[in-house]
Number of protein chains: 2
Amino acid sequence: MSTNPVEEFSVGMPRNYLRPCLLLLLAEGTSHGYELLDQVTALGLDRADPGSLYRCLRAMDEEALVHSFWEPSTSGPARRTYALTDEGREWLHAIAGSLAEVSRALDAYHRRYQKLVEQDEHAR
Amino acid sequence: MSTNPVEEFSVGMPRNYLRPCLLLLLAEGTSHGYELLDQVTALGLDRADPGSLYRCLRAMDEEALVHSFWEPSTSGPARRTYALTDEGREWLHAIAGSLAEVSRALDAYHRRYQKLVEQDEHAR
DNA sequence: CTTCTGTATGTGCACCATACACATAGCATC
DNA sequence: GATGCTATGTGTATGGTGCACATACAGAAG
């Protein structure tokens, strides 16, 4: 066996992917950071960094894409609950569009890759 | 109309996307930097940065994923032509797999977004 | 009461991919 | 000999991301 392919190299999720994820989840309903930390895993961000997530929420709050309020918990510390604003919803639609472009690019890549693989198999 | 949505914010292509693009294109045939600069646009990287591209090629050369040789041009300066190695081809397959994971994540996002849009339309 | 675990939010910082600007050189043409 | 296109590079600042760490509340266990 040759040296480990893809040694410590990995393609990551799209740049700034966290923000669209949070906007989408908050469009589905209000939530708080610790809960969102789990929910984003369903969108491809496993073991997302808490620091980045809280910072992203805070930034969107300052940009008025979301607004936040403290909410006591029945068991555990209080939560800063976030809700999407109208402006945030506009952003969600715009960002979903540009994410679709990324998706189309990846599809183009995959089609081209598959074509290559088929040619290689045919050549054997 | 409110302030411009997505003001100077944009989701980008996946992190390290340039490398898989170059590996795929070189798997289709030998090429050189200046030509690849045009070819990557077909994979979603429009107006790719020449500096980043040449640096990426150089790095993959040092990692023996590709090898290069100077080739004179019939009209114009000489070209450093790159060709994929066997190890580079292994990487291509591995990276194509992880790119497919990203693609699945984006599909999950899109499905969830569409579901939300449909619910909003139904609620009107 | 003290400790431990789980919930919940946050800051500091270093790394590195990306983008921008810029430099160099060959070759053809006017 | 100046301009324009081809072709390859370097220097550097910015910014997103991830890692480490700090804080605090609450319940349960010992």
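Proteins get letters first, then strands, A, B, ... in listed order; numbering begins at 1 in each.
Between the OH atom of Tyr54(B) and the P atom of dA21(C) there is a distance of 18 Å, rounded to whole Å. The distance between atom CG of Leu18(B) and atom C1' of dT18(C), rounded to the nearest whole Å, is 10 Å. Taking atom CG on Asn16(A) and atom P on dA19(C), their separation rounds to 12 Å, with Å as the unit. Look at CH2 on Trp70(A): it is 11 Å from P on dA8(C), rounded to the nearest Å. The CG atom of Asp49(B) sits 19 Å away from the P atom of dC16(C) (whole-angstrom rounding).
Base contact: Arg55(B) has a heavy atom under 4.0 Å from a base atom. Contact annotation for Gly12(B): no contact, since no heavy-atom pair falls under 4.0 Å across all strands.
In the displayed structure, Asp86(B) atom CG is contacted under 6.0 Å by at most 12 heavy atoms of other residues, nucleotides or ligands.
Cation-pi contact between Arg79(B) and Tyr34(B): absent, since separation from the ring centre below 6.0 Å together with deviation from the ring axis within 45° is not met. For the pair Arg80(A) and Phe69(A), the cation does not sit on the ring face, since its NZ or CZ is not both under 6.0 Å from the ring centre and inside 45° of the axis.
Although no hydrogens or angles enter the test, the distance criterion places no donor-acceptor pair under 3.5 Å between the side chain of Thr30(A) and the main chain of Ala83(A). In this structure a side-chain-to-backbone donor-acceptor pair under 3.5 Å is missing from Ser10(A) to Gly12(A).
Contact check for Arg104(B) versus Glu101(B): side-chain heavy atoms found under the 4.5 Å cut-off. By the 4.5 Å heavy-atom criterion applied to side chains, Glu35(B) and Gln39(B) are counted as neighbours. Residues Leu99(A) and Tyr17(A) meet the side-chain proximity criterion, which asks for heavy atoms closer than 4.5 Å.
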- At under 4.0 Å between heavy atoms, which parts of nucleotides 23-30 of chain C does protein reach? Answer with one letter per nucleotide, 5' to 3': B base, S sugar-phosphate only, - none. ---BSS--
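Under 3.5 Å, the side chains of Asp61(A) and Ser68(A) contain a donor-acceptor pair of N or O atoms.
First and last contacting nucleotides of DNA chain D toward chain A (any atom under 4.0 angstrom from a heavy atom, 5' to 3' order): dG16(D) to dG27(D).
The aromatic rings of Tyr109(A) and Tyr113(A) sit parallel to each other, their planes meeting at less than 30°, with 60° as the upper class boundary.
Within residues 21-42 of chain A, the residues approaching DNA chain C are His32(A), Gly33(A), Tyr34(A), by heavy-atom distance under 4.0 Å.
Salt bridge status for Arg19(B) with Glu63(B): present, with a side-chain N to carboxylate O gap under 4.0 Å.
A close approach under 4.0 Å does occur between a side-chain nitrogen or oxygen of Arg58(A) and OP1 or OP2 of dG10(C).
Where Ser52(A) and Arg15(A) meet DNA chain C, the nucleotide closest to each residue was compared, and Ser52(A) sits on the side nearer the 5' end.
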